[in-house]
Amino acid sequence: MYQLLKEDGMAKRAVLHTVHGDIQTPVFMNVGTAAAIKGAVSTRDLKEVKCQVQLSNTYHLHVRPGDETVRKLGGLHRFMNWDRPILTDSGGFQVFSLSDLRKIKEEGVYFSSHVDGRKIFMGPEESMQIQSNLGSTIAMAFDECPPHPATREYVVDSVDRTTRWLERCKVEMKRLNEQEETINRHQMLFGINQGGTFEDIRARHAETISEMDLDGYAIGGLAVGETHDEMYRILDNVVPYLPRNKPTYLMGVGTPENILEAVERGVDFFDCVYPTRNGRHGHVYTNNGKMNMLNAKYQYDDRPIEEGCGCEACRDHSRAYIRHLLKAKEMLGMRLAVLHNLYFYNTMMEEIRGAIEKGEFKEYKSRKLAGMIDKG
RNA sequence: GGAGGGGUUCCCGAGUGGCCAAAGGGGGCAGACUGUAAAUCUGUUGUCUACGACUUCGAAGGUUCGAAUCCUUCUCCCUCCA
C-alpha cells in the first residue's frame, strides 16, 4: 500500500508498505544487479550506508545462478541475507544493453547468453516466473527499452508491443501470486512507460497503463543518450498522466542533479549504477561536486573525501590513502569509494524527504545544486 | 684466460639502411560511464617560437644521399667453459 504523506509542489513524500518493510520515498534503490552490490559491499555495509531497497536483475540472475537455484535456496532475500525490500528489474533493459545478442518477436525476446552464448527465451510470462522464483518485493513489467535516437515508427511499434506485454505480465503475475508454493504471494508489479522522446506517445502510453491499476508506475527509456533538457521535458509531460497515489519510478536515473530535478517533477523512486560504477572507477560524489580520486592533486591530500561525512571511508581514511588504494587496484579502494557514494546518495534522499516534509524542497534543491556547481 | 650474448624513448620490450620520435605492454597524466556483458573503455605520454623544426636508441669516431640498424675503438652488463 502506498501512502502519500506530504506534497510540496509536484514533489511527493510517501511511504510504500511492503511485506519486507516500509520504503520511505523519495528513495534511491541501490543497484546490485547480480544479487550483489559490486565493489565488495556486504548487506551489513548496505545497512550502515542507509540503503532501504536493493535492486537486482531478472536476466542476470536467470543466467547465473538460475532462478530455480535461488528458489530452492528460499528466494533472493534468504539467498543474499537481505531482509529489506528488493526490486527486480525485468530484463527489459537488457533488450537495450545487449542489443547485439538478441532478437525481438511478438512473443518475447530471444537472447544469446552473454556468458556462454546459449539461447535464452524471455517473454512477459517468463520474466514474471523468474521474478516470482526470486521472490522479490517488487517485480517490473517486461518491456522494451528502445534505443535513442529511434524513429517515430519504431517507437510506436515498440510501445504498442510493450503495452501488450504489460497485459500479459499482469495476468501472469496474478496467477503466480495465487499459487500456494510462490515464495512471495504479495509480489507487486510496476508497469513501465515508454515512448522515446515523443511526448504524445509517452502521454498516451502513460494514460493507457494508468488504467491498468498496477502497484506502481515507472518511466523507462530515459538517460539513454538524450540531453538532460529533453529528459526533464519528458518528465514534465509524462508524470502528470501517471497516478499520483502510486509510486512513480524513474528508471536508471541518475546524477544527483537528475534526481533533484525529477523529484521536483513528482518522481519518488530512483536507481542508477553511477554511485557504484563511478566509485569503482574512482569518482566520488560530494556536496561540492564530483571528484576523481585518481587525480594527482590528491596525492598528498590528508583530508577525508568530505568533511563531516559519516561514511566509513570519510570517518577512517584520507583522500591520499584512498587514492593510493585505487591506484594500486586494491579492492578496499573500490569498496570505500562505493560505500561513500551510496552513503552520499542515500543521505541526499533523506535530506530530500526532510525538505519536502518542511515544504522547503525548492530551497533545498537550489542550495544543493549551487554547492555542487560552485566547486565541482 | 677462452667462447658467446647484449646495452632502444620513465620501465619492460620490438625494431637489423629510408615508410622511425621509433610496434606492443606496463607505469604516468587526463577523460568517459545513467533500469551494470564495465575493478571497464577512450585519449595522451622527447622538446619547441609546434600542419614545421630540433634533440634521442651505452660513448666516441667512421661508411653512406640517408644509420637505432653497417664498420672501428672504448665502456658497461649477462651466460657458458677453464
Side-chain angles (χ1 to χ4, degrees), chain A residues 28-41 53-61 63-64 86-102 111-117 120 127 131 136 138-146 148 162 190-194 216-228 230-231 249-259 261-262 267 269-283 285 290 292-299 323 325-338 341 345:
Chain A
F28 179 79
M29 301 186 280
N30 297 203
V31 180
T33 302
I37 305 281
K38 293 184 195 294
V41 176
V53 195
Q54 262 201 85
L55 183 149
S56 286
N57 184 278
T58 300
Y59 167 86
H60 288 280
L61 291 176
V63 169
R64 191 168 49 191
I86 299 173
L87 178 144
T88 40
D89 186 30
S90 61
F93 186 71
Q94 279 60 48
V95 179
F96 165 80
S97 64
L98 302 179
S99 62
D100 293 341
L101 299 173
R102 55 74 176 151
F111 290 97
S112 343
S113 159
H114 69 287
V115 174
D116 59 10
I120 295 167
S127 179
Q131 294 186 75
S136 60
I138 301 166
M140 294 305 300
F142 188 65
D143 65 333
E144 183 200 347
C145 174
H148 177 87
T162 286
F190 283 16
I192 305 174
N193 168 256
Q194 291 291 354
Y217 289 91
I219 299 156
L222 289 180
V224 290
E226 80 286 357
T227 64
H228 285 184
E230 282 180 293
M231 183 171 102
Y249 168 23
L250 177 54
M251 304 185 81
V253 174
T255 65
E257 180 190 329
N258 290 160
I259 290 174
E261 294 292 345
V267 176
F269 282 67
F270 298 88
D271 81 278
C272 187
V273 306
Y274 268 165
T276 45
R277 183 186 287 167
N278 280 336
R280 269 177 284 129
H281 296 171
H283 286 76
Y285 293 88
K290 216 166 78 161
N292 183 350
M293 291 307 295
L294 264 6
N295 286 172
K297 60 183 166 185
Y298 302 119
Q299 185 173 359
R323 170 177 138 93
L325 295 174
L326 256 5
K327 282 256 152 208
K329 297 180 167 60
E330 287 291 343
M331 223 174 5
L332 180 59
M334 291 191 297
R335 178 167 170 276
L336 291 172
V338 169
N341 282 346
Y345 267 70

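Within every chain, numbering begins at 1; the chains are lettered A, B, ... in the order of the sequence lines, protein sequences first and strands thereafter. Atoms considered below: every heavy atom in the structure, side chains included; atoms not considered: hydrogens, waters and symmetry mates. In this text the structure is predicted, and so the values were computed from the model without any measurement.
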Has A:Arg277 got a side-chain N or O lying under 4.0 Å from the OP1 or OP2 atom of B:U40?
-> no
Look at all strands and tell whether A:Gln194 reaches a base, only sugar-phosphate, or nothing, counting heavy atoms closer than 4.0 Å.
-> base
Describe the nucleic acid contact of A:His60 in one word from base, sugar-phosphate, nothing, applying a heavy-atom distance below 4.0 Å.
-> sugar-phosphate
Within the pair A:Asn57 and B:U36, is there a side-chain N or O less than 4.0 Å away from OP1 or OP2?
-> yes
Once you apply the 3.5 Å cut-off to both distances, tell me the Watson-Crick or G-U wobble partner of B:G1, or none.
-> B:C81
Phosphate oxygens OP1/OP2 of B:U34: is one of them under 4.0 Å from a side-chain N or O of A:Thr255?
-> no
For A:Asn57 and A:Thr33, indicate whether the former's side chain and the latter's backbone hold a donor-acceptor pair under 3.5 Å.
-> no
On a plain distance test, is the side chain of A:His283 in donor-acceptor contact with the base of B:C33 below 3.5 Å?
-> yes
Assign A:Asp143 to base, sugar-phosphate, or nothing according to its heavy-atom contacts below 4.0 angstrom with the strands shown.
-> base
Look at the side-chain N and O atoms of A:Arg323 and state whether any lies under 4.0 Å from the OP1 or OP2 oxygen of B:C29.
-> yes
Identified pairing partner of B:U40, criterion: Watson-Crick or G-U wobble below 3.5 Å = B:A32
Would you tell me if any nitrogen or oxygen in the side chain of A:Asn292 comes within less than 4.0 Å of OP1 or OP2 on B:G31?
-> yes
Have a look at A:Asn278 and say if it touches a base, only the backbone sugar-phosphate, or nothing, with a 4.0 Å heavy-atom cut-off.
-> base
May I ask you to evaluate whether A:Gln94 reaches the phosphate of B:A37, defined as a side-chain N or O under 4.0 Å from OP1 or OP2?
-> yes
Please determine if a side-chain N or O atom of A:Lys327 lies less than 4.0 Å away from the OP1 or OP2 oxygen of B:C29.
-> yes
